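In listed order, ligands and their atoms are each counted from 1. This structure is a prediction, so every number in the text was calculated from the model and none was measured.
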Amino acid sequence: MFNDNDFIKICEVPGPTKEAIRALLLYKSDISDDDIVVDVGCGTGGLTVEFAQRAKKVYSIDKNPEAVKVTERNLKKLLKDDYNVELMEDDAVNALKKIDNMDIAVIGGSGRELETILDIVNEKLNPKGRILITSILVDTKVEAVNKLKDLNYNPQFMEINVSKGRILDRGILMKAENPIGIITASKH
Ligand code: SAH
């Protein structure tokens, strides 16, 4: 696992997804080196880098050209050209249609297209595939759970509140990060 500070950040692109969330997503994804992963809304590549280190192949999608560029910079910086990642600068719906199949879909950005994205992911997800959605908007969390139920999944929902300690001379100052919802589901 990398530290949050290892990633190159730029102000135009949100991310990286924080360390505790990356760790939890890796764990919940049950990733192995046979898995094909899709990172929808790759942002700075925080998740792409962690998954690429462990997967057979990662497709990283973002509609923001700056996000695709910074994801590539983070891959080169942290994985030293030793990675199998296809970067796709496109809207998630268009990009997903071009991918044949996947074992793990991580959705960290969807705009207003989450339902359509989940319809396509559901079609392309291999048997025993896993879906992981991170969300900061209450509305997206509810939409994700409802859509997964409609598609006959049995979704799980966690809200993660992390505080990290800043070690100062006179003590430890706790700093809260934004709460993040994690919705997970798997195909049986
Ligand atoms: N997990 C990332 C952060 C994701 S931020 C990291 O670790 O850095 C969410 C990203 O989703 C943004 O970069 C945004 O451009 C992208 N996004 C939102 N809706 C999208 C869509 N419909 N298609 C493609 N990318 C999308």
Heavy-atom count around [X] [atom1] within 6.0 Å, excluding the residue itself: above 12?
| X | atom1 | value |
| --- | --- | --- |
| Ile10 | CD1 | yes |
| Asp139 | CG | yes |
| Asp81 | CG | yes |
| Asp82 | CG | no |

Between Glu113 and ligand 1, which part of the residue brings a heavy atom under 4.0 Å of the ligand: side chain, backbone, both or neither?
side chain
For ligand 1, does Asp90 get within less than 4.0 Å through its side chain, its backbone, both, or neither, judged by non-hydrogen atoms?
backbone
Tell me which protein heavy atom sits closest to [atom], plus the residue, atom name and distance to 0.1 Å.
| atom | result |
| --- | --- |
| atom 25 (N) of ligand 1 | Lys63 N, 3.2 Å |
| atom 10 (C) of ligand 1 | Asp62 OD2, 3.5 Å |
| atom 4 (C) of ligand 1 | Gly41 O, 3.3 Å |
| atom 5 (S) of ligand 1 | Pro14 CG, 3.6 Å |
| atom 8 (O) of ligand 1 | Thr44 OG1, 2.6 Å |

Under the salt bridge (Lys or Arg N to Asp or Glu O under 4.0 Å) criterion, do Lys147 and Asp119 qualify, and how do the steps go?
CA-CA 9 Å; Lys147 181 66 183 175; Asp119 278 327; 3.0 Å; yes
Given side chains that start at C-beta, do those of Ile99 and Glu86 come closer than 4.5 Å, heavy atoms only?
no
Proximity winner for atom 1 (N) of ligand 1, if only heavy atoms of Asn64, Val13, Asn94, Thr17 are counted:
Thr17
Out of Gly111, Gly43, Gly108, Ala95, whose heavy atom sits nearest atom 9 (C) of ligand 1?
Gly108
Any atoms of ligand 1 less than 4.0 Å from a non-hydrogen atom of [X]? List them with their elements.
| X | result |
| --- | --- |
| Gly15 | 8 (O) |
| Cys42 | 2 (C), 6 (C), 8 (O) |
| Gly46 | 6 (C), 7 (O), 8 (O) |
| Pro16 | 6 (C), 7 (O), 8 (O) |
| Asp91 | 21 (C), 22 (N), 23 (N) |
| Gly45 | 8 (O) |
| Leu47 | 1 (N), 7 (O) |

Is there a polar contact between ligand 1 and Ala92, counting only N or O atoms under 3.5 Å apart?
yes
Test salt bridge (Lys or Arg N to Asp or Glu O under 4.0 Å) on Asp103 and Lys56 and set out the steps.
CA-CA 10 Å; Asp103 301 292; Lys56 179 159 102 185; over 6 Å; no
Non-hydrogen atom of Thr48 closer than 4.0 Å to ligand 1:
no
Does Arg22 have any salt bridge (Lys or Arg N to Asp or Glu O under 4.0 Å) partners at least two apart in sequence or in another chain, and if so, which?
Asp4, Glu50
Carefully, step by step, assess Lys69 and Glu66 under the rule salt bridge (Lys or Arg N to Asp or Glu O under 4.0 Å).
CA-CA 5 Å; Lys69 278 186 215 151; Glu66 296 307 318; 3.4 Å; yes
Quick check with a 6.0 Å cut-off and a 45 degree axis cone: is Lys57 positioned over the face of Tyr59's six-membered ring?
yes
Going by side-chain hydrogen bond (donor to acceptor under 3.5 Å, both in side chains), name the residues that satisfy it together with Thr71, two or more places apart in sequence or in a different chain.
none
